[in-house]
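Side-chain atoms are counted along with the backbone in the values below, which use heavy atoms only and exclude waters and symmetry mates. What you are looking at is a predicted structure, and each value in this text was computed from that prediction instead of being measured. Per chain, numbering begins at 1; letters A, B, ... match sequence-line order.
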Amino acid sequence: MDEKDELEIKEENQSPVINIALDTVKIGKQALVFVATRQSAEKAAEEIAHSLKLNNDALNAAAEEALSALARPTKQCERLASCIKGGSAFHHSGLTSKQRQLIESSFRNGTIKIICCTPTLAAGVDLPAYRAVIRDLKRFSERGDYGYGGMGWIPVLEYLQMCGRAGRPSFDNEGQAIIFADSQSEEKEVSQHYIHGEPEEIYSKLAVEPVLRTHLLSLIATGMIGNRKEMMDFFSKTFWAHQYKNLDQLESTIERILGMLREWEFISGSREDSLFVTADKIGNESNTQPQQAVRHDRVFGPSLGNDIAPEVRGMNPMKNSIKATPLGQRIAELYLDPLTAHELIIGLSKAEKWQGEIEPFKLLQLISSTLEMRPLLRVKTKELEEIQSALLEQGGSLLVEEPSMYEEKYEDFLASIKTSLFFQEWIDENDEEYLLEKYGIRPGEIHAKVENADWLLYSSVELAKILRLQKLHRTLAKLRFRVQYGAREELLPLLQLKGIGRVRARKLFNNKVKTLGDAKAADVSTLAQILGSGKLALDVKEQLGQKIEAVREGKRKGQINLADYE
DNA sequence: GGACGGTGAAACTTCAGGTTGCCTC
DNA sequence: GAAGTTTCACCGTCC
């Protein structure tokens with residue numbers, strides 16, 4: 001729309017967002033409302049639904065579907081269903097993927113008129129929204145624009161992404177993007193910054209150390225880099241080098257990371273003729289020992305170029321002398337940050353020496369301490385005592401060393417304890433509603449966390465294989481299976497059946513069908529009664545009618561095979 | 001007079017998202 | 001930094 005055109009919206013309510021929502025529906029259109037937090041998205045959707053009061057059969061059906069996304073609806077499901085009944089919905093990462101898809105399709109077919117969302121819908125979606133209403137242009141950040149926390153303006157690029165959701169060519173000839181200002185001075189500022197402003201420059205992320213560590217190892221593992229010349233050739237052609245033009249600094253940082261990789265035995269090569277720099281030859285300036293490498297996404301510090309020993313600098317640049325070890329090769333294939341892999345290896349080696357079988361909690365805490373598991377579940381003020389007492393119960397016997405409570409990383413450590421407690425309760429079969437109430441984790445986030453844990457546990461199994469940590473194999477494989485399903489160990493045999501998840505397996509188990517043998521012995525009608533489905537009972541019988549081994553090998557997508565570890 | 005409910009101010013709490021591994025229905 | 005939630009004091013009403 002031309003900026004000069006006046007957009008007249010009747011004030012039927014005190015909230016401008018609700019007025020716009022009402023107007024949008026009145027002109028027969030749909031809108032997306034972008035807000036800063038998940039909580040705001042839910043509240044805004046609720047208020048809009050309350051004012052719209054659309055209520056029709058299609059909405060009721062969609063609401064019913066939203067409610068039945070989980071075996072037992074959570075408060076979030078109920079809130080969503082109640083919004084949908086009124087004609088609006090909220091959309092954020094805390095919803096299950098089923099609910100997100102439902103909302104998108106109901107919006108696409110015109111049933112739902114308004115969606116209040118976080119940036120989940122800002123990019124890459126093609127929805128029939130005539131208006132993109134950007135209610136919040138400020139958002140909280142732990143590390144704000146200038147290095148300290150607080151509210152900061154969202155990037156212009158993100159604003160443009162949101163605007164781009166309005167008036168999609170496949171649905172409309174034009175669209176409207178609406179932003180808000182609290183005062184006249186803010187109006188001027190917002191207009192200059194967003195409407196007439198230039199989008200931010202894009203910066204290379206290669207300078208972030210975990211990214212560089214991962215890529216460096218992968219380049220070596222795939223054989224793309226074998227000597228200094230190849231290394232510098234490759235990096236000099238990257239966007240990072242193009243942007244910063246300081247190859248000396250890049251080179252010295254790479255040398256430092258190579259030192260770490262060698263120290264951890266992820267790469268090999270002789271010291272004299274390789275491009276390695278050992279840990280003791282570097283780091284004077286940053287005082288960073290490989291073992292204590294910085295955990296945060298850190299952009300390179302001051303150049304270490306002059307600290308590199310001359311004899312190392314003077315090595316043969318053309319000689320292929322650098323290779324990934326089998327361990328390094330596998331780490332690269334697993335896409336693990338080498339520092340994470342190193343920390344997992346230390347933890348797993350401790351676990352292997354544990355007397356008896358190590359408790360799942362300790363392994364869960366080990367994976368919850370990795371960079372890959374972030375963001376962790378934040379410890380709220382009122383939970384602090386409970387989390388600390390859970391930590392005390394472990395009696396200092398965790399696989400990850402506990403930092404002093406005066407250290408900055410102590411907060412993260414406590415968050416890793418809370419995250420592991422959540423995982424523990426998940427594998428003890430507590431449902432989504434309970435986890436939402438106790439840990440504040442929404443169903444969609446549970447799914448994301450479980451998927452991450454699954455990857456890290458799979459990686460741990462692979463590391464244990466290579467390192468010949470025999471004892472841990474089966475423990476880790478069992479734990480991975482339990483995390484995948486959110487189930488206790490006793491359900492593992494039943495979970496190998498297709499169509500049987502943790503809810504059905506629990507039903508069977510509680511009805512004395514505890515093993516595949518029990519299921520085989522039980523008659524179809526009993527199984528049908530327990531499972532509440534004759535078709536499923538027949539399917540289970542069919543699976544059991546095959547050779548048991550075949551059933552164990554078939555299974556679902558990505559499911560692990562316990563038989564491998566027996 | 002006590003229990004109960006409604007209201008509003010003050011105090012307190014919390015704060016986006018998504019990619020990667022396996023595998024093959 | 002600001003929105004949203006919780007807590008608490010206060011007041012009016014009812015039994």
Length of the line joining [X]:[atom1] and [N]:[atom2], which is rounded to integer Å:
X: A:Leu376; N: B:dG17; atom1: CG; atom2: P; result: 16 Å
X: A:Leu121; N: B:dG18; atom1: CG; atom2: P; result: 9 Å
X: A:Asp539; N: B:dC25; atom1: CG; atom2: C1'; result: 12 Å
X: A:His447; N: B:dG17; atom1: NE2; atom2: P; result: 15 Å
X: A:Arg378; N: B:dT13; atom1: CZ; atom2: P; result: 11 Å
X: A:Gln39; N: B:dC12; atom1: CD; atom2: C1'; result: 13 Å
X: A:Met151; N: C:dA2; atom1: CE; atom2: P; result: 7 Å
X: A:Glu42; N: B:dT14; atom1: CD; atom2: P; result: 15 Å

[X] side chain: which of [options] is closest?
X: A:Glu158; options: B:dA16, B:dG21, C:dG4; result: B:dA16
X: A:Tyr335; options: B:dA16, B:dG21, B:dG18; result: B:dG21
X: A:Trp455; options: C:dA2, B:dA16, B:dG21; result: B:dG21
X: A:Glu451; options: B:dA16, B:dG21, C:dT5; result: B:dG21
X: A:Pro119; options: B:dG17, B:dC15, B:dC22; result: B:dG17
X: A:His92; options: B:dG21, B:dG18, B:dG17; result: B:dG17

Over all strands shown, is [X] touching base, sugar-phosphate only, or nothing at heavy-atom distances under 4.0 angstrom?
X: A:Asn452; result: base
X: A:Ala123; result: nothing
X: A:Arg442; result: nothing
X: A:Glu47; result: nothing

Open item on the list: Suppose we screen for ring pair (Phe, Tyr, Trp, His ring centres under 6.0 Å). Which residues come up paired with A:Tyr194, at least two apart in sequence or across chains?
Closed with: A:Tyr159

Open item on the list: So, taking the atom named CG in A:Asp126 and the one named CZ in A:Arg165, what distance separates them when rounded to the nearest 0.5 Å?
Closed with: 8.0 Å

TODO: For A:Ala415 and A:Leu377, work out which heavy atoms get closest and say how close.
DONE: CB-O, 3.5 Å

Open item on the list: Quick one: does any side-chain atom of A:Trp455 pair with a main-chain N or O of A:Leu334 as donor and acceptor, under 3.5 Å?
Closed with: yes

Open item on the list: I'd like to know if the side chain of A:Thr118 and the backbone of A:His92 have a donor-acceptor N/O pair within less than 3.5 Å.
Closed with: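 No; judged by distance alone, with no hydrogens or angles, the pair does not exist.
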
Task: Quiz item: cation-pi between A:Arg502 and A:Trp426, 6.0 Å / 45° - done: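 Verdict for A:Trp426: a cation-pi partner in A:Arg502.
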
Task: 5'-most by nearest nucleotide on DNA chain B - A:Thr37 or A:Leu334 - done: A:Thr37

- [ ] Starting from the 5' end of DNA chain B, give me the residue, A:Lys380 or A:Pro375, whose nearest nucleotide shows up first.
- [x]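 Of the two residues, A:Lys380 wins.
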
Open item on the list: Tell me whether A:Arg38 is salt-bridged to A:Glu445, with the criterion being a basic N under 4.0 Å from an acidic carboxylate O.
Closed with: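 Yes, charged N to carboxylate O under 4.0 Å.
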
Open item on the list: Under a 3.5 Å cut-off for both contacts, is B:dA16 paired Watson-Crick or G-U wobble with anything, and if yes, with which nucleotide?
Closed with: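 Base partner found: none.
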
Is any side-chain N or O of [X] closer than 4.0 Å to OP1 or OP2 of [N]?
X: A:Ser40; N: C:dA3; value: no
X: A:Arg100; N: B:dG18; value: yes
X: A:Arg38; N: B:dG17; value: yes
X: A:Arg139; N: B:dC15; value: no
X: A:Ser459; N: B:dG21; value: no

Open item on the list: What's the gap between C:dA3 and B:dA16 when it is taken at their C1' atoms, as a whole Å value?
Closed with: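 Here C:dA3 and B:dA16 have their C1' atoms 15 Å from each other.
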
